[in-house]
Structures are given as structure tokens and as C-alpha cells.
*Asks:* 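Provided herewith is a single structure, encoded as C-alpha cells, for subsequent inquiry.
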Amino acid sequence: MIDFKTHPILKNYKNFIFFGMFGSGKTEISLAFARALKMLFEQVAIADIDTVSPYFRSRDEKAPLEAAGLRVVTPPFPFLRGDLPMIVPEVGGFLQNETYRTVVDVGGDDDGAVVLGSLSRFTKEQPTAVFFVVNTKRPFSDKPDTIIQNMYRLGQKGRVSITALIHNTHLQSETTIEMIEQGETILREVSETTKIPVFATVVQESLAQDAGDHGFFFPKMTIHRYMKTPWE
Amino acid sequence: MADKTLLKGTEAMAEAALRAGCQVYFGYPITPQSELIEYMAKRMPEIGRTFLQAESEVAAVNMIYGAACTGTRVMTSTSSPGFSLMMEGVSYIAGAVLPAVFINVVRGGPGLGDIQPAQSDYFQGTKGGGHGDYRLIVLSPATIQEAVNMMFDAFDLADRYLNPVLIIADGLLGQMMEPVELPDFLMPDRMPNHDSWALRGKGTRKKHSVTSFDLDPLKLEEMNLANFEKYRKIQQKEVRYEEYLMDDAEVAFVAYGTMGRILKTTIRMAREAGIKAGMIRPITLWPFPEKPIQEAAKKVKMVMSVEMSMGQMVEDVRLAVSGKVPTPFYGRTGGVVPTPTEVFEALKREWEAIV
């Protein structure tokens with residue numbers, strides 16, 4: 001189980017980038033990281049550079065995040081829900097500024113990665129951890145070969161080298177422990193082939209209680225789900 | 001049971017359409033459904049189908065008209081302003097008695113509006129939108145699994161009645177993700193046979209002709225009458241709806257699409273507070289489920305329509321209820337999605353006014 005209070009990763013890096021295929025769970029994990037960082041550091045920013053999805057983005061959580069003392073970097077209010085791929089120059093500033101720990105929530109697939117690539121000048125300047133998020137229950141993500149192809153292609157377009165994978169296999173409320181373990185088997189193969197480590201297996205809060213002390217192959221990271229539908 | 005996958009509404013509808021036998025897709029991207037067209041662009045060449053991005057929605061709908069003339073399973077997807085652009089072609093396709101499937105992932109309007117979820121295209125879908133006397137078969141899913149199954153139903157209905165079918169999904173359904181089980185690909189022998197009328201090269205057979213016009217008004221009237229005979233059959237046979245907790249209900253909500261899901265939470269709140277609420281959720285918006293609403297109006301004290309619009313379906317609800325009980329309306333528009341709690345507050349206000 002990952003204890004963010006003592007885990008070296010939060011102390012060793014200044015920036016934390018989450019990218020991956022469309023719908024792999026980057027936003028939820030970015031939010032979890034940002035909140036964890038806030039427990040350790042005074043100044044934490046989360047930059048939403050998702051120009052792909054029109055809803056269910058970090059910016060939808062702007063008010064609660066700001067209430068928790070985080071700096072949320074998004075396009076200015078009139079353009080918050082604009083149908084334009086807009087990245088504010090501040091994003092680069094927060095990636096450079098050493099007094100801030102900065103989380104970057106990237107949009108999915110190639111289009112999202114290209115936006116990340118446009119920031120490479122900044123991501124290379126400071127110690128930056130780059131995570132590739134995988135949910136094996138998503139299309140084009142259920143086989144080691146496809147995951148590896150996608151990972152390298154997106155990595156190139158994002159002009160980043162990947163620090164670690166984050167294993168986020170889930171089927172919302174229908175997730176089972178067995179399903180997560182099958183996902184781990186796939187990610188183990190990816191990791192063995194590419195020599196890129198797996199940082200964690202993500203388990204949603206609701207399932208984590210049922211799972212109890214159940215040991216997963218990779219360190220367990222429990223997250224709370226923020227992005228909800230109106231009837232949840 | 002097949003394995004479930006976590007799919008976004010737009011992706012799920014795209015994959016389901018391919019499995020339902022969609023051979024050809026023409027379209028033009030627009031938020032909040034661009035992932036659907038992107039998915040088609042990626043996936044269709046892989047499985048030997050035809051994908052083409054048109055230069056506009058006006059071009060796309062006319063390409064659909066052409067493909068539909070050959071009896072091929074053809075579709076497009078768009079969002080509100082895009083569907084407005086297609087209206088002329090939709091009218092031609094309906095007039096020419098052709099099968100085609102349209103998806104409108106509705107966003108806030110009118111005009112350019114915004115990219116948030118809405119249900120304010122109900123009139124456009126069910127009452128015309130284009131010119132002339134015609135009807136679309138209009139379906140509306142509430143879950144992504146229902147949307148997947150509906151794609152098969154949509155193509156079957158289009159082929160059976162030779163009529164365009166429209167699936168109205170609000171932006172929320174297009175953008176959210178849910179676990180989904182995808183049916184297998186439809187076998188070619190399950191595909192309809194349109195040899196008797198389709199335009200695929202004359203060869204030695206008798207001439208076929210597909211048209212939406214006749215210069216002789218009497219003949220044009222005959223064409224319209226034949227269409228309306230067909231619409232009558234559709235009204236008799238194809239009404240679909242879901243009833244939820246209606247057995248002991250004193251209040252009947254009427255809501256479609258994701259609004260129907262929000263209301264299930266409201267209904268739970270209402271029942272906890274002692275108001276026995278239930279719901280009729282139209283799955284076909286046309287033909288509209290008038291009969292179950294007429295029946296409900298005999299038992300309940302109030303029928304309340306809740307929509308993400310300024311009140312469009314409520315007109316059909318009021319026609320069905322015919323003044324037997326109060327039929328209040330609650331809605332939010334412009335891309336605002338009502339919360340279960342605010343609908344509950346609205347229900348309490350209306351309920352207190354009549355009891």
C-alpha cells in the first residue's frame with residue numbers, strides 16, 4: 001500500500017504528469033496525487049491541459065480543489081467551457097516555478113499527447129515524473145502489445161520518457177479483485193518487456209474496503225472517485 | 001457472457017453500430033460527439049467498411065441520401081447545430097422512403113449554444129424540423145448499454161419501415177463512461193434484402209426509381225397517404241417505454257434519456273418523504289407512449305414532465321393527459337443538468353399546491 005506521506009516519489013520530483021489513452025483514468029489519479037501532494041507541500045498546482053474531453057475534466061472540480069488550497073490552472077473563466085484547444089501560458093510557469101509542486105492532467109490519446117509535447121521545453125527543465133495510465137478494460141488497452149505500441153507512440157508525441165506505469169484496471173462499480181489481478185498480469189508483461197516499472201495498482205475506495213488486506217502484485221494506491229454523474 | 005468493457009457513450013454507439021451492420025458512415029465532427037466520428041474513422045477501415053468525413057453536415061446528409069438509395073446500412077452522428085444543417089436532407093430521405101440512422105447528441109441551444117448536455121431538440125426530432133409531412137422514428141436511451149442495444153433496433157426499424165430513425169442522446173450520455181457488454185457482429189444473413197427497390201445498377205431487371213417528388217399533386221398526395229399508413233402501423237407496433245414504480249404511484253413523472261436516471265434518485269427521495277412517485281420513461285419519443293400516460297392519468301393526482309429544456313415533451317404529455325390532472329413542468333436549459341434534489345424541491349412545490 002502506498003503511503004504518500006512517506007513515499008519518496010512525492011519528494012524526488014517537482015512535476016507529475018499523467019497521460020495515456022482516452023478514458024484511462026488520468027483525471028481521477030491526477031486529483032488524487034494533487035490532494036496527496038497538498039498534505040506535504042504548501043504550494044501545489046494542478047494544470048488541466050485536457051483539450052480532448054468536453055466534460056468530466058479537472059476543471060469541473062475547480063471549486064472544491066481551490067477550497068482545499070490548490071491552485072487550479074485552467075483557461076480563464078469565460079473560456080472554461082469553450083470548444084477550443086486552449087492552453088494558458090501559466091502552465092509553463094507552474095512547470096518551471098520551483099516553489100510549486102505541479103500536477104499535469106493531460107488529455108487522452110494522440111491529440112492529448114501532442115499538447116503535452118508542446119510543453120517539452122518546460123517539462124525537461126525540472127525533475128518531472130511522467131506516468132502512463134492504463135485501464136485494461138478500455139478499448140485498445142487489453143493486450144500487452146497494443147499497450148506498448150500506444151505507450152511509445154504517445155510518449156513520442158508528448159516528447160517525454162515514461163517514469164512509471166500506473167495500473168488502473170476497473171469497471172466502475174462492477175470492478176472485482178479478480179479483474180484487477182488479470183490487469184496486473186497484463187501490466188507485468190508490459191513492464192517486463194519495456195523495463196518500465198509499475199508505480200501502483202489503483203483501487204477505488206469502495207472496493208478497497210472489501211479488498212481489506214488483499215495483497216496485489218503492485219503497491220496498492222487507494223483513490224476516491226470525484227467525477228460523478230448527477231444521479232450518483 | 002461476453003466480457004464487459006468500460007466505454008464512453010459515443011464510442012459504445014459507434015462500435016455497436018458497426019456490429020449492427022453499418023457499412024457506411026458519413027459525417028462532420030462536432031462537440032460533444034466528435035469521439036464517435038473519430039472512432040469510426042479509426043475502426044471502419046480496419047474491418048473493411050467505408051468512412052468518409054464530408055466537408056459539412058449538408059454534404060454528409062446528401063451522401064447518406066445517396067447511400068440509402070442503394071439499401072446499404074448507412075448512418076451519421078452529429079450534435080444540435082449539425083443536425084439543423086441536415087434538415088433538408090432528412091426531409092428528402094423521409095420523403096423518398098429510405099432507411100438511414102441518425103444520432104443527435106444534443107447540446108445547449110439555440111444557435112451555437114454551448115457544448116453542455118441538453119434535451120432541447122425534442123421538437124426538432126419529433127415534430128419535423130425539415131419541411132413537409134413526415135415523421136422520424138425517434139429513440140432515446142438512458143444508459144450506455146441501452147444505447148448499444150438501441151443501435152441494432154434503430155437499423156432494424158429503419159430497414160423494416162424504410163424510414164429514417166433518429167437516436168436522441170443528450171451530451172451527458174455521449175460523454176460519460178459505463179461498463180458495457182457488446183453484442184456480436186450481425187451475420188450477413190440477418191441483413192435486410194432490399195433487392196426489390198434498391199438502386200445498384202439496372203442490368204437486365206425492371207427499372208427502379210427512388211424519389212421524393214411528383215409533379216402531379218394527386219400522386220404526391222398518394223405518396224404522403226402511403227407514408228402515413230406506414231406511420232400508423234409504427235404507432236401501433238413500435239411504442240417503447242419503461243415504467244418505474246408506477247403500481248402505487250400518486251405522481252407520475254415523465255422524463256426521457258439521462259433525465260430519467262436522475263429522476264430515479266428523485267423518486268427515492270420523494271418516497272422517503274411520503275410522496276409516492278413513479279415514472280414513465282418514453283424510449284420512443286415518436287411514436288410517443290400516449291396510452292400508458294393516459295392510463296396513468298386515471299390513477300395519479302399529477303403528471304409532471306421534467307426535461308433539460310424549457311418544456312417541449314410536456315406538450316405531448318399534456319395532450320395525452322387531456323386535462324384530467326394537473327401536468328406541471330420542471331426544466332433547466334442551456335446545458336444545465338437538474339440535480340435530483342432540485343427536482344425534488346420542484347415536486348414538493350407542485351404537490352403542496354394540489355393536496
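Side chains included, hydrogens not; waters and symmetry mates left out as well; all remaining heavy atoms used. Chain letters run A, B, ... following the sequence lines, proteins first and then strands; every chain starts at 1.
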*Asks:* When you measure from the centre of the six-membered ring of B:Tyr244, is the NZ or CZ of B:Lys264 under 6.0 Å away and within 45° of the axis?
*Replies:*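 Judged by the rule, B:Lys264 and B:Tyr244 form a cation-pi pair.
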
*Asks:* Under the rule for ring pair (Phe, Tyr, Trp, His ring centres under 6.0 Å), what residues qualify as partners of A:Phe131, not counting sequence neighbours?
*Replies:*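 Scan of A:Phe131 (ring pair (Phe, Tyr, Trp, His ring centres under 6.0 Å), adjacent residues dropped) gives A:Phe18, A:Phe33, A:Phe199.
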
*Asks:* Quick one: of B:Asp114, B:Leu172, B:Thr266, who has the most non-hydrogen atom pairs under 4.5 Å with chain A?
*Replies:*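 Top count of heavy-atom pairs under 4.5 Å with chain A: B:Leu172.
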
*Asks:* Only one of B:Glu178, B:Glu242, B:Glu146 passes salt bridge (charged side-chain N to carboxylate O under 4.0 Å, His left out) with B:Arg261; say which it is.
*Replies:*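 So, applying the salt bridge (charged side-chain N to carboxylate O under 4.0 Å, His left out) to B:Arg261 and each of B:Glu178, B:Glu242, B:Glu146, only B:Glu178 qualifies.
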
*Asks:* Is B:Glu15 close to chain A through its backbone or its side chain, or both, or neither, when contacts mean heavy atoms under 4.5 Å?
*Replies:*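 For B:Glu15, neither part sits under 4.5 Å from chain A.
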
*Asks:* Is the cationic atom of B:Lys42 (NZ for Lys, CZ for Arg) positioned less than 6.0 Å from the six-membered ring centroid of A:Phe140 and within 45 degrees of its normal?
*Replies:*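 Yes; both conditions hold, so B:Lys42 lies above the ring face of A:Phe140.
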
*Asks:* Most heavy-atom pairs under 4.5 angstrom with chain B, which of A:Glu232, A:Glu174, A:Met179?
*Replies:*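 Of A:Glu232, A:Glu174, A:Met179, A:Glu174 has the most heavy-atom pairs under 4.5 Å with chain B.
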
*Asks:* Scan for side-chain hydrogen bond (donor to acceptor under 3.5 Å, both in side chains) pairs involving residues 185-194 of chain A, sequence neighbours excluded, and state none if there are none.
*Replies:*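 Passing the test, one end in residues 185-194 of chain A: no pairs.
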
*Asks:* Chain B heavy atoms under 4.5 Å from A:Asn135: which part of the residue, side chain, backbone, both or neither?
*Replies:*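 Only the side chain of A:Asn135 comes within 4.5 Å of chain B.
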
*Asks:* For chain A, find which of B:Thr339, B:Val337, B:Leu7 contributes the most heavy-atom pairs closer than 4.5 angstrom.
*Replies:*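 Among B:Thr339, B:Val337, B:Leu7, the one with the most close pairs to chain A is B:Leu7.
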
*Asks:* Should the pair A:Asp50-A:Arg57 be classified as a salt bridge under the 4.0 Å nitrogen-to-oxygen rule?
*Replies:*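 No.
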
*Asks:* Under 4.5 Å from any heavy atom of chain A, what part of B:Gln116 do you find: side chain, backbone, both or neither?
*Replies:*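 Both backbone and side chain.
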
*Asks:* Of the options A:Gln172, A:His170, A:Arg225, A:Glu28, which is the one that meets A:Gln204 in a side-chain hydrogen bond (donor to acceptor under 3.5 Å, both in side chains)?
*Replies:*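 Among A:Gln172, A:His170, A:Arg225, A:Glu28, the one that satisfies the side-chain hydrogen bond (donor to acceptor under 3.5 Å, both in side chains) with A:Gln204 is A:His170.
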
*Asks:* If we define contacts as heavy-atom pairs under 4.5 Å, which of A:Ser53, A:Pro139, A:Ser141 has the most with chain B?
*Replies:*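 Looking at each option in turn, the highest pair count goes to A:Pro139.
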
*Asks:* With a 4.5 angstrom heavy-atom cut-off, could you sort out which part of B:Arg268 is near chain A: side chain, backbone, both or neither?
*Replies:*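 Looking at B:Arg268, nothing touches chain A.
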
*Asks:* Is chain A contacted by the side chain of B:Thr258, its backbone, both, or neither, given a heavy-atom distance below 4.5 Å?
*Replies:*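 Both backbone and side chain.
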
*Asks:* Please report the interatomic distance CZ(B:Arg332) to CE(B:Met308), rounded to the nearest 0.5 Å.
*Replies:*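 Going from CZ on B:Arg332 over to CE on B:Met308, the span is 11.5 Å.
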
*Asks:* Who wins among B:Val180, B:Thr265, B:Leu6, B:Thr31 for the most heavy-atom pairs under 4.5 Å with chain A?
*Replies:*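 Going by pairs under 4.5 Å, I would pick B:Leu6.
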
*Asks:* With chain B, which of A:Ser173, A:Gly82, A:Gly23, A:Pro230 has the greatest number of heavy-atom pairs at distances under 4.5 Å?
*Replies:*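 Most pairs with chain B among the choices: A:Pro230.
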
